[in-house]
Amino acid sequence: MRPSLDPIARSALGKATRRLVPLMAVCYFFAYLDRTNLSVAALTMNAELGLSARVYGFGAGLLFVGYVLLDAPSNLIMHRVGASRWMARIMIVWGLVAAACALIQGETSFYVLRFLLGVAEAGFFPGMILYLTYWFPASRRGTVTGLFMVAVPLSTALGAPLGGLLLKLDGIWGLSGWRWLFLTEGLPSVLLGLLLFWLLPDRPAHATWLTNEERSWLKEELAAENASIEPMPVRRALLHPRVLGLGMVYFAIVFGLYGLGFWMPTILKANLGIEDNFDVTLLTAVPYAIGAIAMVWWGRHGDRDGRTVRYTVFPMVVGGIALTGSAFLTPWLGYVGLCLCAIGVMAAFPSFWKLLPAFLSGAAVAGGIGVVNSVGNLSGFLGPYWVGWMTDLFGSSKWGLVTIGLVMIAGALLATVLGETSRPKAASTPAR
């Protein structure tokens, strides 16, 4: 890709960014919201149902058991049948299951519905990461990944206060506030899923809003990039040492994301002595609002600089050190540490997701993304459960947070060892 793009290239990439990335971000906003709104519901649900910290942590993480089993197969299916049909199917089913969480009655139903939610959502995020490789060259992918994944911090920054307000519906029509939360936040995913049939073209060749010249430029530019990568059989890619290594790095990032995310409202309420749940959700929103800005800004700078590993490692180290230190500080200084960790986790994502497509293409990158996401999201199960277990064991979340910080730092070291993957520079195809 030339540093200075010609008008056709700028127009093609601009249209693809405006048409696709906001839609993808809105979908992921509700995906992540339906996955993590449990942290707000727990402020009243746990006491009402008598769920211990261990039970809650296990149930929070159980979603990822079903999720990780199906990620790679889901991506390979999407690569074959197309994004619009497959993503629509995923969203509709998960929206229905998310709303059904309002029916939770106790420990068993809590476990069952969280597991089914993971099965329903499996493949959505890695599918969207794969989808970006169908539309954007590597030199632009950190930026668009940051814009897409800004849905993660925004879903907490906006979703946490929204959840706090929904908890205030307690008693209306005989339903607890946390039941209203699940119902209200689950159904929009169903409606969005129906819209994807018409709004999410599978490839540039299917985009009626591109001109013939723009469509040709995108197809030829991406084909040239893929041609610069040595083909690899899917089976070999699934077990490739670098794929598994990147999965472990992603494990460390996600360990911080979910280990902290599912517990932050509960930790803040206990440590800061705040009674009003809405105030707790506002404090929860702050680091994620800042993290949204940091994610986009850091992703753009990573694209310009080109040193992908450095832009992955630095925020991981900052976040890990901040989280480890927060456990030993005064409550409000500890809150600052939690904020820095959340921001570091967010900033690490855009550059990280450029590492895999740098050496895989086609069906191999589809399966590889699924494997990396599956390995990484094992920590989505272990993180919340680990913090819950440590909290029950020591009567405090302190040592759970220390562990998460150390895992993030270890993941950063592994990323440094893996290093960059160089690829021959694809020749830019002249616009016609």
Side-chain angles (χ1 to χ4, degrees), residues 36 39 53-54 56-57 60-61 64 149 152-153 156 245-272 283-288 290-291 294-295 298 309-352 375-418:
T36 60
S39 66
R54 180 188 58 80
Y56 167 72
F64 296 95
M149 290 195 67
V152 173
T156 301
L246 289 174
M248 295 307 298
V249 174
Y250 196 55
F251 179 98
I253 300 173
V254 178
F255 200 68
L257 178 69
Y258 291 121
L260 182 61
F262 278 113
W263 284 98
M264 184 177 279
T266 305
I267 291 171
L268 293 182
K269 186 171 184 177
N271 290 358
L272 301 179
L283 286 172
T284 301
V286 171
Y288 292 95
I290 301 173
M295 177 181 281
W298 195 249
V309 170
R310 175 176 295 187
Y311 277 77
T312 302
V313 165
F314 181 75
M316 290 179 68
V317 172
V318 171
I321 292 173
L323 186 60
T324 303
S326 71
F328 302 97
L329 299 173
T330 62
W332 282 103
L333 285 177
Y335 172 64
V336 173
L338 295 180
C339 291
L340 287 175
C341 179
I343 295 167
V345 167
M346 296 300 113
F349 282 117
S351 290
F352 172 81
V375 173
N377 277 283
L378 287 172
S379 63
F381 169 71
L382 293 174
Y385 180 69
W386 178 260
V387 175
W389 182 73
M390 295 286 276
T391 300
D392 277 349
L393 183 64
F394 295 105
S396 167
S397 59
K398 173 179 177 178
W399 294 109
L401 298 180
V402 169
T403 306
I404 293 173
L406 294 176
V407 169
M408 290 179 64
I409 294 169
L413 293 175
L414 176 58
T416 304
V417 171
L418 291 173

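Model, not experiment: these values are computed from the prediction. Numbers here are sequence positions counted from 1.
- Between Pro350 and Met295, some side-chain heavy-atom pair lies under the 4.5 Å cut-off.
- For the pairing with Ile321, the side-chain contact (heavy atoms from CB on, under 4.5 Å) check across Thr324, Val318, Val317 returns one residue only, Val317.
- Closest non-hydrogen pair, Ala294 versus Ile343, comes out as CB-CG2, 3.8 Å.
- The residue from Leu283, Val286, Leu323 that alone fulfils the side-chain contact (heavy atoms from CB on, under 4.5 Å) condition with Leu338 is Leu323.
- Nearest heavy-atom pair, Ala322 versus Leu340, reported as atom, atom and distance to 0.1 Å: CB-CB, 3.5 Å.
- Aromatic ring orientation, Phe255 versus Phe251: parallel (interplanar angle below 30°, classes split at 30° and 60°).
- Ring orientation note: the planes of Trp298 and Tyr311 are tilted relative to one another, at an angle of 30° to 60°.
- The nearest pair of heavy atoms linking Ala347 to Pro315 is CB-CB, 3.8 Å.
- In this structure, CG in Leu401 is found 10.0 Å from CZ in Phe328, a value given to the nearest 0.5 Å.
- Distance check: Ile253 CD1 to Met346 CE gives 10.0 Å after rounding to the nearest 0.5 Å.
- Taking both residues in full, the closest heavy atoms of Met408 and Met316 are given as O-CE, 3.5 Å, listed atom of the first, atom of the second, then distance.
- Atoms CD1 and CD1, on Ile404 and Ile409 in that order, are 12.5 Å from each other to the nearest 0.5 Å.
- Listed here is the closest heavy atom pair of Ala415 and Val313: CB-CG2, 3.7 Å.
- When all heavy atoms of Pro287 and Ala342 are compared, the pair lying nearest together is CB-CB, 3.9 Å.
- Taken to the nearest 0.5 Å, the CG atom of Leu246 stands 8.0 Å off from the CG atom of Leu414.
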